[in-house]
Chemist: 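Here it is, the structure in full.
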Amino acid sequence: MRIATWNVNSIRQRLDHLLYWLKEVEPDVVCLQEIKCVDEAFPRQEIEALGYNVATHGQKTFNGVAILSKFPMEVERGLPGDDADEQARYIEATIPHGATIVRVASIYLPNGNPAPGDKYDYKLRWMNRLISHTRELLKLEEPLVLAGDYNVIPDERDARDASAWATDALFLPATRAKFRELLDLGLTEALRATTDADGLYTFWDYQAGAWQRNNGIRIDHLLLSPQAADRLRGVAIDSEMRAREKPRDHVPIRVDLD
DNA sequence: ATGACTTGCGCGGCAAGA
């Protein structure tokens, strides 16, 4: 089962890139972030035409997440823990896979800049909610994949120039500590289960020729429960999508599970 | 040294992103 995540920075812009990639890579499940539209505006027909079921949790102008699946799915929208939170950043699906089911969440974790400030406080509160919810999900002992744009640079090797991010909400010690707290519940970070290499990025800024200089950061992650990690067969970053004309700033990252 | 793009909204620039 091939499961991917991609922050598309508006689903309606350059839908052709997404459709091309879906045909080329043939993922079974795709987690999308920053669709930047309400559910009614999502280009559902074009994606369904490629054989996908579509579940969205949209919002006007900002945020918005979705899951595409070749298999039927049951869906929950929103991250538990704060009924007053109106930002669409979490959608979760259970998907039958052989004799078991796989649970997949599409996560758009808050950016948090500027830090310190209200936005950074919201980021840390959101991470606490994600930790609480994940603790409950892990009790199910299912194959679980938490995939998305975490807006977290886990380690110095995950940025071309870590010193440039020293005071940024994506790299502050408190951010990285929360991310470790999440992993320490018993999750495996898929890419780091397969390689210790530096220079592997999923985001390059639009500005200042960041792509041409490979000045990137690794902030899109797939976190696996033990039952999913046991099935891990490979990880790939589709960085060639960043080289296309009018690219998104993020590229897809994906896992293959038995 | 600084700023450097791109999006939605909606028609003038601003907020937000990372």
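Order of the sequence lines fixes the chain letters, A, B, ..., with proteins taken first and strands second; residue numbering starts at 1 for each chain.
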Chemist: Supply the members, apart from A:Tyr206, of the Ile/Leu/Val/Met/Phe/Trp/Tyr cluster built from side-chain contacts under 4.5 Å; use none for a lone residue.
Modeler: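 Grouped by the 4.5 Å side-chain rule, A:Tyr206 forms a cluster of one, so the answer is none.
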Chemist: Using the P atom on both, measure B:dA15 against B:dT2 and round to a whole Å.
Modeler: 22 Å
Chemist: Could you list the donor-acceptor pairs under 3.5 angstrom formed between side-chain atoms of residues 191-198 of chain A and any protein atom two or more places apart in sequence or on another chain?
Modeler:
from, atom 1, to, atom 2, distance (Å)
A:Arg192, NH1, A:Thr195, O, 3.0
A:Arg192, NH1, A:Ala197, O, 2.9
A:Arg192, NH2, A:Asp158, OD1, 2.7
A:Arg192, NH2, A:Ala197, O, 3.0
A:Thr194, OG1, A:Leu191, O, 2.8
A:Thr195, OG1, A:Ala197, N, 2.9

Chemist: Can you check salt bridge (Lys or Arg N to Asp or Glu O under 4.0 Å) on A:Asp28 and A:Arg2, steps first, answer last?
Modeler: CA-CA 5 Å; A:Asp28 296 298; A:Arg2 177 164 287 177; over 6 Å; no
Chemist: Taking ring-ring contact (aromatic ring centres under 6.0 Å, His included) as the definition, give me every residue that meets it alongside A:Tyr150, ordered by chain and number, with sequence neighbours left out.
Modeler: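 With neighbours one apart ignored, the set is A:Phe179, A:His221.
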Chemist: For B:dA18, take OP1 and OP2 only and decide whether either is under 4.0 Å from a side-chain N or O of A:His250.
Modeler: yes
Chemist: With sequence neighbours left out, what residues match A:Trp165 under ring-ring contact (aromatic ring centres under 6.0 Å, His included)?
Modeler: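 Per chain and number, A:Trp165 pairs via ring-ring contact (aromatic ring centres under 6.0 Å, His included) with no residue.
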Chemist: Using the P atom in both, what is the distance from B:dT7 to B:dG3, to the nearest Å?
Modeler: 22 Å
Chemist: Expressed as a whole number of angstroms, how long is the span from A:Ile35:CD1 to B:dG17:P?
Modeler: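 The distance from CD1 of A:Ile35 to P of B:dG17 comes to 16 Å, rounded to the nearest Å.
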Chemist: CG of A:Asp118 versus P of B:dA16: gap in Å, rounded?
Modeler: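 Computing the A:Asp118:CG to B:dA16:P distance gives 12 Å.
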Chemist: What is the distance from CD1 of A:Ile219 to P of B:dG17, rounded to the nearest Å?
Modeler: 12 Å
Chemist: Using modelled atom types and a 3.5 Å cut-off, is there a donor and acceptor pairing between side-chain atoms of A:Arg231 and backbone atoms of A:Gln227?
Modeler: yes
Chemist: Less than 4.0 angstrom between a side-chain N/O of A:Tyr122 and OP1 or OP2 of B:dA16, yes or no?
Modeler: no
Chemist: Please measure how far the P atom in B:dG12 lies from the corresponding atom in B:dA1, and state the result in whole Å.
Modeler: 39 Å
Chemist: Quickly work out the A:Leu172 CG to B:dA18 P distance and round it to whole Å.
Modeler: 15 Å
Chemist: Counting only non-hydrogen atoms, which of residues 149-169 of chain A are less than 4.0 Å from DNA chain B?
Modeler: A:Asp149, A:Asn151
Chemist: What donor-acceptor contacts under 3.5 angstrom involve side-chain atoms of residues 70-79 of chain A, with partners at least two apart or in another chain?
Modeler:
from, atom 1, to, atom 2, distance (Å)
A:Arg77, NE, A:Thr56, O, 2.7
A:Arg77, NH2, A:Thr56, O, 3.4

Chemist: Would you mind listing every salt bridge (charged side-chain N to carboxylate O under 4.0 Å, His left out) that reaches into residues 103-113 of chain A, with sequence neighbours excluded?
Modeler: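 Passing the test, one end in residues 103-113 of chain A: A:Glu92-A:Arg103, A:Arg103-A:Glu142.
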Chemist: If the test is ring-ring contact (aromatic ring centres under 6.0 Å, His included), which one of A:Tyr108, A:Trp21, A:Phe203 qualifies with A:Trp6?
Modeler: A:Trp21
Chemist: A:Asn111 has an atom CG; how far is it from atom P of B:dA18, in whole Å?
Modeler: 5 Å
Chemist: Without decimals, in angstroms, what is the distance between A:Leu109 CG and B:dA18 C1'?
Modeler: 13 Å
Chemist: When the P atoms of B:dG10 and B:dT6 are considered, how many whole Å apart are they?
Modeler: 22 Å
Chemist: So which pairs with a foot in residues 44-69 of chain A pass salt bridge (charged side-chain N to carboxylate O under 4.0 Å, His left out), sequence neighbours left out?
Modeler: A:Arg44-A:Glu48
Chemist: Side-chain N or O of A:Asn7 less than 4.0 angstrom from OP1 or OP2 on B:dA18?
Modeler: yes
Chemist: Take atom CG of A:Leu170 and atom C1' of B:dA18, then tell me their distance rounded to the nearest Å.
Modeler: 6 Å
Chemist: Measure CZ/A:Arg89 against P/B:dG17 and give the value in whole Å, please.
Modeler: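 Going from CZ in A:Arg89 over to P in B:dG17 covers 7 Å.
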Chemist: Let me have a per-nucleotide readout for nucleotides 1-12 of chain B, 5' to 3', with B, S or -, counting only protein heavy atoms under 4.0 Å.
Modeler: ---BBSSSS---
